[in-house]
Amino acid sequence: MAKIAFIGLGNMGGPMAANLCKAQHHVTAFDLSDSALAAAVEKGAHKAASAAEAVKDAEIVVTMLPAGKHVREVYEKDVLPNVAKGALLIDCSTIDVDSARHVAGLAQKAGLEMIDAPVSGGVGGATAGTLTFMVGGSDADFAKARPILEKMGRNIVHAGGSGNGQAAKICNNMILGISMIAVSEGFMLGKRLGLDAQKLFDVVSTASGSCWSLINYCPVPGPVPASPANRDYQAGFTAAMMLKDLLLAQQASAGAGAATPLGAEAAQLFSLYVNAGNSAKDFSGIIKMLDGK
Ligand code: NAD
């Protein structure tokens with residue numbers, strides 16, 4: 001049983017912390033939201049009055065915060081000045097690679113170990129404990145974190161040094177955003193050519209155009225019963241989250257001098273979709289906008 005501080009108990013962090021409690025770890029939790037904190041306490045966590053208090057006696061610190069600015073702030077103000085020497089710091093938030101490397105550098109200067117470990121799998125995966133973790137950090141820190149991450153996820157991949165977990169996450173989600181638009185365009189063209197959606201699915205799902213966005217998350221109702229298209233694009237993975245990740249990918253592309261023209265176009269299209277009042281809709285709902293609705 002490890003003493004774990006968990007900061008950020010939202011849609012993802014709440015169920016992740018609950019799985020650590022279920023695995024008999026001693027979890028001390030903090031969130032700015034009273035209701036998120038109360039829900040975590042109900043699942044077995046111990047309530048802290050602040051992030052600083054939560055990390056005081058922790059052997060492991062896990063953070064699951066919205067964006068890079070929150071991660072920088074929480075680590076600079078609360079975690080690094082208060083955590084005990086020898087503690088392992090695990091940031092699971094999806095943030096920009098620069099912030100991840102900056103905070104890990106500060107941790108190293110303070111004599112602390114830190115990894116970035118963003119996730120894929122959504123709220124369903126967080127609840128079921130089947131997340132995929134993409135980890136950036138040293139071999140030793142990865143080995144130390146692994147047993148903790150295994151209580152929250154099923155696939156744990158060491159992607160390389162500091163920041164590489166975030167790099168893997170944004171590359172994956174850029175591919176996902178682009179492929180969802182590609183599949184949507186295919187179905188819209190098919191419809192206008194008189195093709196039945198199920199027939200098109202039957203062909204493409206066994207042909208060279210097949211991909212995850214089609215097979216698991218088909219953006220038209222019918223072919224894949226579990227996809228959000230069958231429940232009026234209720235998220236799922238929100239369009240706002242997809243836009244956030246596509247913008248992170250663009251920021252990273254600019255910094256790294258990588259040409260990602262389709263990623264840029266996908267970010268523009270998701271901006272239009274989000275700005276039309278669809279931020280809380282599932283990202284696959286972009287097919288409606290592409291259909292002119
Ligand atoms: P969320 O907004 O539901 O939760 C974030 C929580 O952090 C909130 O409860 C908020 O009160 C808390 N918080 C913010 N600032 C804080 C601070 N200074 N101190 C303490 N608590 C603070 O977001 P989420 O959906 O849980 O996502 C968290 C992260 O996971 C994001 O980086 C997101 O991109 C990533 N992610 C989300 C999903 C998803 O499907 N929701 C999937 C993969 C990755």
Side-chain angles (χ1 to χ4, degrees), residues 5-19 27-41 43 45 47-55 58 61-83 90-97 99-100 103 116-135 149 152-155 165-166 168-174 176-177 217 228 233-249 251 270 274 279-284:
F6 206 114
I7 303 166
L9 305 154
N11 292 324
M12 295 294 288
M16 289 165 72
N19 281 328
V27 177
T28 305
F30 179 70
D31 194 293
L32 293 177
S33 152
D34 290 339
S35 59
L37 189 49
V41 169
K43 298 278 183 190
K47 178 177 169 172
S50 64
E53 186 188 296
V55 304
V61 174
V62 183
T63 45
M64 193 51 163
L65 297 161
K69 65 175 183 193
H70 307 98
V71 172
R72 282 177 185 249
E73 193 182 304
V74 165
Y75 277 89
E76 285 173 22
K77 280 202 198 143
D78 302 311
V79 178
L80 297 178
N82 293 293
V83 73
I90 305 176
D91 180 40
C92 296
S93 327
T94 299
I95 65 170
D96 57 290
V97 176
S99 290
V103 176
D116 48 293
V119 304
S120 175
V123 176
T127 306
T130 57
L131 292 169
T132 291
F133 283 91
M134 295 149 260
V135 180
L149 301 180
M152 301 182 282
R154 197 159 48 192
N155 305 312
Q166 299 295 350
K169 167 81 185 172
I170 58 172
C171 290
N172 178 72
N173 281 20
M174 184 178 78
L176 174 63
Y217 225 82
Y233 303 97
Q234 190 190 320
F237 185 55
T238 65
M241 289 275 183
M242 174 49 82
L243 178 58
K244 173 193 163 187
D245 292 352
L246 287 168
L247 292 173
L248 286 176
Q251 189 184 338
F270 275 100
V274 164
S279 62
K281 283 276 181 195
D282 189 79
F283 80 110
S284 61

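Quantities reported herein were computed from a predicted structural model and do not represent experimental measurements. Counting starts at 1 for both ligands and their atoms, in listed order.
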- request: Pick one of side chain, backbone, both or neither for how E73 approaches ligand 1, counting any non-hydrogen atom pair under 4.0 Å.
  value: neither
query: Does atom 2 (O) of ligand 1 have a protein non-hydrogen atom under 4.0 Å from it?
result: no
query: In chain order, what residues pass the side-chain contact (heavy atoms from CB on, under 4.5 Å) check against K77, with sequence neighbours excluded?
result: E73
- request: State the atoms of ligand 1, each with its element, that fall below the 4.0 Å cut-off from a heavy-atom position in G8.
  value: 7 (O)
- prompt: Quick one: which of T63, I7, D31, L248 has a heavy atom closest to atom 6 (C) of ligand 1?
  reply: D31
query: By number and element, which atoms of ligand 1 are closer than 4.0 Å to a non-hydrogen atom of K169?
result: 43 (C), 44 (C)
- prompt: In terms of side-chain heavy atoms, does D91 have a donor or acceptor partner in Y75 at a distance below 3.5 Å?
  reply: no
- request: Could you check which of S35, S50, G10, S93 puts a non-hydrogen atom nearest to atom 4 (O) of ligand 1?
  value: G10
Residues in ring-ring contact (aromatic ring centres under 6.0 Å, His included) contact with F237, at least two apart in sequence or another chain: F283
message: Tell me whether P66 reaches ligand 1 (any heavy atom closer than 4.0 angstrom to a ligand atom).
response: yes
query: Using a heavy-atom cut-off of under 4.0 Å, does the side chain or the backbone of T94 touch ligand 1, or both, or neither?
result: both
query: How does K77 reach ligand 1, if at all, at less than 4.0 Å between non-hydrogen atoms: by side chain, backbone, both, or neither?
result: neither
